[in-house]
Each structure stands twice: as C-alpha cells, then as structure tokens.
Amino acid sequence: MGAPLINQAMKHFKSQVLLILSEVPFGSCISYGELAKQAGFPGYGRQVGQLMKKLPKDTKLPWHRVVNAQRRISFAENTDGYLRQKEKLEKEGWVIVGNKLTLNEGK
DNA sequence: GCTCCGGCTGCTC
DNA sequence: TGAGCAGCCGGAG
C-alpha cells in the first residue's frame, strides 16, 4: 500500500464524499466514481464503496442514490443492502429491473 | 511487508 | 448490447 493518501487526506476524502452525497437531490443518483471525482479523488470509486459499507444503518445520507457506472446496484441480489437500496430507490421513482436502474419518468 | 479481496471504472472485442 | 480484462487504491489477514 504505498500511501498515496496520508491520513489527513483520507479524512478529507471521506468528509468530501459524505458532503457531496448529502447534496445529491431527491430522485437523482450518482456513481461511485463520479462521487469520488467530485470529491477531488478520481479513481477512488472502490473506496467510496467501502465508505458506504461502513455507514450506520440510521444514517441520514442518501447512500442508496449511489450506484456503479453502469447504473446497477452493486450488491448481490440476495443481500439485505440490495433490498434496502432497491426499496428506497423505488420510493424515489426509480424502477429496478434485475439490478439495473431505470428512471420511471418520460418512459 | 506481502498478498488477496472488495458495493469500481473504462476500454475492447 | 453485453461480457471480458486490466488498472486502481485502501484495508484486512
């Protein structure tokens, strides 16, 4: 692990990701990579995923609006996280077919 | 200190 | 349109 990111930068990375995530509007979604890029750390998509994983269940952050670049839920279909994310997304107007997201408007 | 495993990405075929 | 592959980065064992 070379340390491209010192502890302080990592902390900044996390707060930036959480900040941007908190600003994702209702009914919208963003990819892990895009979130990382906007946070100022392109290529850290996986780290964003790790961060999501560690979020508390009662978090106020719209973590469910984060999907991968293919607009698919990265969870396995039989996982709790997948079900919860799917449920939240559907309440925001998204339609999940398989694990693929489709916006239920204008269509 | 090395190796392997992820909620990924972008390019190619 | 969809599957395959290599690249990336931090964390855990």
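Since the structure is predicted, the reported quantities are computational estimates derived from the model, not experimental observations. Below, chains carry the letters A, B, ... as their sequence lines are ordered, and counting in each starts from 1.
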Considering only heavy side-chain atoms of A/Tyr44, the closest of B/dG7, C/dC9, B/dC8 is C/dC9
Among the nucleotides B/dT9, C/dG11, B/dG7, whichever has the atom closest to the side chain of A/Lys54 is C/dG11
On DNA chain B, more 5' by nearest nucleotide between A/Gln85 and A/Gln70 is A/Gln85
Tell me what A/Val66 touches on the nucleic acid: a base, only sugar-phosphate, or nothing, going by heavy atoms under 4.0 Å.
-> base
- request: Decide side-chain hydrogen bond (donor to acceptor under 3.5 Å, both in side chains) for A/Glu87 and A/His64; before the verdict, give the C-alpha distance in whole Å, the side-chain angles of both, and the deciding distance to 0.1 Å.
  value: CA-CA 9 Å; A/Glu87 183 180 15; A/His64 55 279; over 6 Å; no
Testing B/dT9, B/dG7, B/dG6 for proximity to the side chain of A/Gln47, the answer is B/dG6
Atom CG of A/Leu35 and atom C1' of B/dC8 are separated, to the nearest Å, by 12 Å
Separation of C/dG10 atom P from A/Met52 atom CE, nearest Å, is 16 Å
Heavy-atom nearest nucleotide on DNA chain C taken for A/Pro42 and for A/Arg72; more 5' hit belongs to A/Arg72
Between CG of A/Leu51 and C1' of C/dG11 the distance, given in whole Å, is 13 Å
Scanning all shown strands, the Watson-Crick or wobble mate of B/dG7 with both distances under 3.5 Å is none
Rounded to whole Å, CZ of A/Arg71 lies from P of B/dG10 at a distance of 14 Å
Taking a pair to mean Watson-Crick or G-U wobble geometry with both distances below 3.5 Å, C/dG2 pairs with B/dC13
Between CZ of A/Phe41 and P of C/dG7 the distance, given in whole Å, is 24 Å
Q.
Between the base of C/dG10 and the side chain of A/Arg46, is one N or O donor paired with an acceptor at under 3.5 angstrom?
A. no
- Under 4.0 Å: is that the gap between some side-chain N or O of A/Tyr82 and OP1 or OP2 of B/dG7? no
Rounded to whole Å, the CG-P distance (A/Asn68 to C/dC8) equals 20 Å
Exam field: side chain A/Thr79 to backbone A/Ala76, donor-acceptor pair closer than 3.5 Å: yes
Heavy-atom nearest pair, A/Arg72 first then A/Val67, reads O-CB, 3.6 Å
To the nearest angstrom, the CG-P distance between A/Leu61 and B/dG7 comes to 19 Å
With a 4.0 Å cut-off on N to O distance, would you call A/Glu77 and A/Lys86 a salt bridge? no
Considering every strand and a 4.0 Å limit on heavy-atom distances, what is the contact class for A/Ser31: base, sugar-phosphate, or nothing?
sugar-phosphate
Picking from B/dG10, B/dG6, B/dC8, the nucleotide nearest the side-chain atoms of A/Gln50 would be B/dG6
Heavy-atom closest pair (A/Gly81 atom, A/Phe75 atom, distance to 0.1 Å) is C-CD1, 3.6 Å
